[in-house]
Amino acid sequence: MYIAGEIMSENIGLFYFSGTGNTRSVTRMIKESFQNRGIGVESFSIDELISKKINIEVDKYSMIGMGYPIHGFGAPRIVETFLSLMPSGNNKDVFIYTTAADFVAVNYNASAKVAKEFKIKGYNVFYERIICMGSNFLIKYDKELEHQLYLAAYEKAGALCTDVLARKRRKNRLNLIFGGVVSLIHWFEDKFAPLVGSSLHTTEKCNLCGLCVRNCPTNNIYVKDNKISFKRECFLCMRCIYACPQKAITAKSFNFFILKDGYNINDIINKEYLDISGEDKTKKAAFFKKHFADYLSDISK
Ligand SMILES: Cc1cc2nc3c(=O)[nH]c(=O)nc-3n(C[C@H](O)[C@H](O)[C@H](O)COP(=O)(O)O)c2cc1C
Ligand code: SF4
Ligand code: SF4
């Protein structure tokens with residue numbers, strides 16, 4: 001635990017899950033921001049740590065950062081699996097950064113359960129922040145907004161680093177009733193994801209390259225009778241769907257949640273992505289432009 005005024009050298013461990021690259025990008029931004037201040041920082045993808053059964057060493061860090069995308073107003077199941085493997089914390093300071101498609105209050109409790117589980121393990125969660133990135137689920141944002149959110153995330157990541165180094169406290173919570181409703185929705189989402197996931201299937205475009213099998217964070221994908229099959233361990237991270245080079249993965253049920261044009265953070269980062277698109281003049285684009293105006297212009301949000 002940091003004591004105000006104490007001179008200590010920081011060494012920070014960032015542990016993150018990212019389905020489609022947003023949280024990985026934000027982790028990179030946070031890492032760069034710490035490094036630019038001369039602070040030691042290492043980052044680890046939690047699905048790799050889990051699948052390779054790598055020991056999670058926390059003692060060498062003065063502070064831990066935990067990052068993940070918000071799924072159904074809560075944390076993806078893999079974060080709970082990771083937390084169950086974490087050693088006890090001896091009151092080590094933790095900050096949580098989540099990425100999301102929106103900054104709306106309904107997302108505020110997405111780190112409440114994770115913070116509680118950290119506390120049970122003996123960690124001190126003092127800071128939680130949502131950083132909006134593009135939406136990889138249900139609603140596709142226009143290209144300009146996706147790019148603006150990406151650029152704003154740099155600023156927000158820098159502000160987060162300044163805050164956590166100063167051990168500034170930050171936490172938003174819903175009231176008891178609203179929070180209860182949101183927990184219930186998240187409970188349903190958690191049960192619903194494997195059902196939708198088990199309806200995933202491949203079309204004739206699949207050439208059995210094996211990328212999805214290698215990349216699934218829960219080893220949910222396997223080859224049977226020369227065909228890609230899915231078990232019931234999916235939590236809808238969307239990685240296999242958008243990363244398939246043949247665009248061969250779709251869902252039998254509820255396939256409306258899959259973005260028709262896919263989601264590729266590397267395209268969004270690329271300035272040329274914007275240049276070729278022109279301004280989106282639809283009502284939907286105008287709505288989101290207005291909706292995100294404050295968030296984009298105010299670094300503290
Ligand atoms: C199954 C699922 C549920 C989601 N639920 C929410 C949500 O409740 N609130 C939100 O703002 N974004 C939601 N999103 C959007 C993601 O949180 C957002 O795009 C995130 O940045 C993706 O991060 P990643 O690329 O690291 O996986 C959801 C995405 C998925 C795939
Ligand atoms: S990544 Fe696509 S093409 Fe490759 S095996 Fe999976 S579904 Fe088939
Ligand atoms: S099956 Fe696809 S969407 Fe489901 S957990 Fe694996 S990679 Fe993610």
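Ligands are counted one by one from 1 in listed order, and the atoms in each one are counted from 1 as well. Quick caveat: nothing in here was measured; it's all calculated off a predicted structure. Below, all heavy atoms of this structure are taken into account, side chains as well, without hydrogens, waters or symmetry copies.
- A donor and an acceptor atom, one from each side chain of Ser229 and Lys224, are nowhere located under 3.5 Å apart.
- For atom 19 (O) of ligand 1, the nearest non-hydrogen atom from the set Ser25, Gly134, Gly74 comes from Gly134.
- The side-chain heavy atoms of Asn136 and Phe257, taken from C-beta on, include no pair separated by under 4.5 Å.
- Protein heavy atom at the shortest distance from atom 4 (Fe) of ligand 2 is Cys209 SG, 2.3 Å.
- Residues Phe82 and Phe15 place their aromatic rings such that the two centres sit under 6.0 Å apart.
- Using a 4.0 Å cut-off between heavy atoms, Ile249 contacts ligand 2 through its side chain alone, with no backbone atom that close.
- Protein heavy atom nearest atom 8 (Fe) of ligand 2, with residue, atom name and distance: Cys206 SG, 2.4 Å.
- Once rounded to the nearest 0.5 Å, the distance linking CE of Met66 with CD of Glu117 reads 11.0 Å.
- Below 30°, between 30° and 60°, or above 60°: for Tyr263 and Tyr242 the angle between ring planes is between 30° and 60°, a tilted geometry.
- Arg232 CZ: 12 or fewer foreign heavy atoms inside a 6.0 Å radius.
- Close contacts between ligand 1 and Gly19 involve ligand atoms 24 (P), 26 (O), 27 (O) [criterion: under 4.0 Å to a heavy atom].
- Between Phe292 and Tyr141, the ring center distance clears the sub-6.0 Å criterion.
- Of all the heavy atoms in Ala105 and Leu174, the pair that sits closest is O-CD2, 3.2 Å.
- In summary, the atoms of ligand 1 found under 4.0 Å from a heavy atom of Ser18, numbered by their order in the structure, are 24 (P), 25 (O), 26 (O), 27 (O).
- Taking OH of Tyr222 as the start and NZ of Lys227 as the end, the distance is 11.0 Å to the nearest 0.5 Å.
- A cation-pi arrangement, defined by a distance under 6.0 Å to the six-membered ring centre and an angle within 45 degrees of its axis, is present between Lys156 and Tyr295.
- At least one heavy atom of Pro245 sits under 4.0 Å from some atom of ligand 2.
- Residue contacts with ligand 2 for Ile228 involve side-chain atoms from C-beta outward but no N, CA, C or O (heavy atoms, distance under 4.0 Å).
- In the candidate list His71, Arg239, Met133, Met238, His71 is nearest to atom 2 (C) of ligand 1, counting heavy atoms.
- In terms of protein heavy-atom proximity, atom 6 (Fe) of ligand 2 is nearest to Cys212 SG, 2.3 Å.
- Among all protein heavy atoms, the one lying closest to atom 3 (S) of ligand 2 is Asn207 OD1, 3.4 Å.
- Counting atoms of ligand 2 from 1 in the listed order, those under 4.0 Å from a heavy atom of Thr202 are 7 (S).
- Within the 2.8 Å limit, Cys216 places no N, O or S atom next to atom 4 (Fe) of ligand 3.
- The side chain to side chain contact (heavy atoms under 4.5 Å, CB included) test with Met133 singles out one residue from Leu149, Ile268, Ile265, and that residue is Ile265.
- For ligand 1, the atoms sitting less than 4.0 Å from at least one non-hydrogen atom of Thr23 are 23 (O), 24 (P), 26 (O), numbered in the order shown with element in parentheses.
- Judged by the shortest distance from any of its heavy atoms, His186 lies outside the 4.0 Å radius around the atoms of ligand 1.
- Geometrically, ligand 1 and Leu236 share no nitrogen or oxygen pair separated by less than 3.5 Å.
- In this structure, atom 20 (C) of ligand 1 lies nearest to the protein heavy atom Thr99 OG1, 3.4 Å.
- Proximity to Glu189 (heavy-atom distance under 4.0 Å) selects the following atoms of ligand 1: 1 (C).
- Counting protein heavy atoms only, atom 1 (S) of ligand 3 is closest to Asn220 ND2, 3.3 Å.
- In this comparison of Asn22, Asp190, Ile70, Asn107, the heavy atom closest to atom 11 (O) of ligand 1 sits on Asn107.
- Under the 4.5 Å side-chain heavy-atom criterion for Ile, Leu, Val, Met, Phe, Trp and Tyr, Ile241 and Leu208 are members of the same hydrophobic cluster.
- The number of heavy atoms from other shown groups lying within 6.0 Å of NZ (Lys168) does not exceed 12.
- The closest approach between Gly197 and ligand 3 stays at or above 4.0 Å for every heavy atom of the residue.
- No side-chain donor-acceptor contact under 3.5 Å links Thr218 and Asn220.
- Atom 29 (C) of ligand 1 has its closest protein heavy atom at Asn136 OD1, 3.2 Å.
- Taking the six-membered ring for Trp, Tyr127 and Phe95 have ring centres at least 6.0 Å apart.
- Atom 2 (Fe) of ligand 3 has Cys240 SG, 2.2 Å as its closest protein atom, hydrogens excluded (heavy atom only).
- At a 4.0 Å cut-off, not a single heavy atom of Cys237 sits close enough to ligand 1 to count as contact.
- Residue-ligand proximity, Thr20 to ligand 1, at heavy-atom distances under 4.0 Å covers atoms 24 (P), 25 (O), 27 (O).
- For ligand 3, the atoms sitting less than 4.0 Å from at least one non-hydrogen atom of Phe235 are 5 (S), numbered in the order shown with element in parentheses.
- Residue-ligand proximity, Cys234 to ligand 3, at heavy-atom distances under 4.0 Å covers atoms 1 (S), 3 (S), 4 (Fe), 5 (S).
- Distances below 4.0 Å separate heavy atoms of Phe73 from the following atoms of ligand 1: 7 (C), 8 (O).
- If you take CG on Asn91 and NZ on Lys119, they are separated by 10.5 Å, rounding to the nearest 0.5 Å.
- Protein heavy atom nearest atom 12 (N) of ligand 1, with residue, atom name and distance: Ala101 N, 3.2 Å.
- When atom types are taken as modelled, the side chain of Asn11 and the backbone of Lys60 share a donor-acceptor pair closer than 3.5 angstrom.
- Only the backbone of Met238 comes within 4.0 Å of ligand 3, judged by heavy-atom distances.
- Near Ile221, with a cut-off below 4.0 Å to any heavy atom, the atoms of ligand 3 are 1 (S).
- Within the listing of ligand 1, atoms 3 (C), 4 (C), 5 (N), 6 (C), 7 (C), 8 (O) sit less than 4.0 angstrom from a heavy atom of Gly72.
- Classified by interplanar angle (parallel below 30°, tilted 30° to 60°, perpendicular above 60°), the ring pair Tyr150/Tyr154 is perpendicular.
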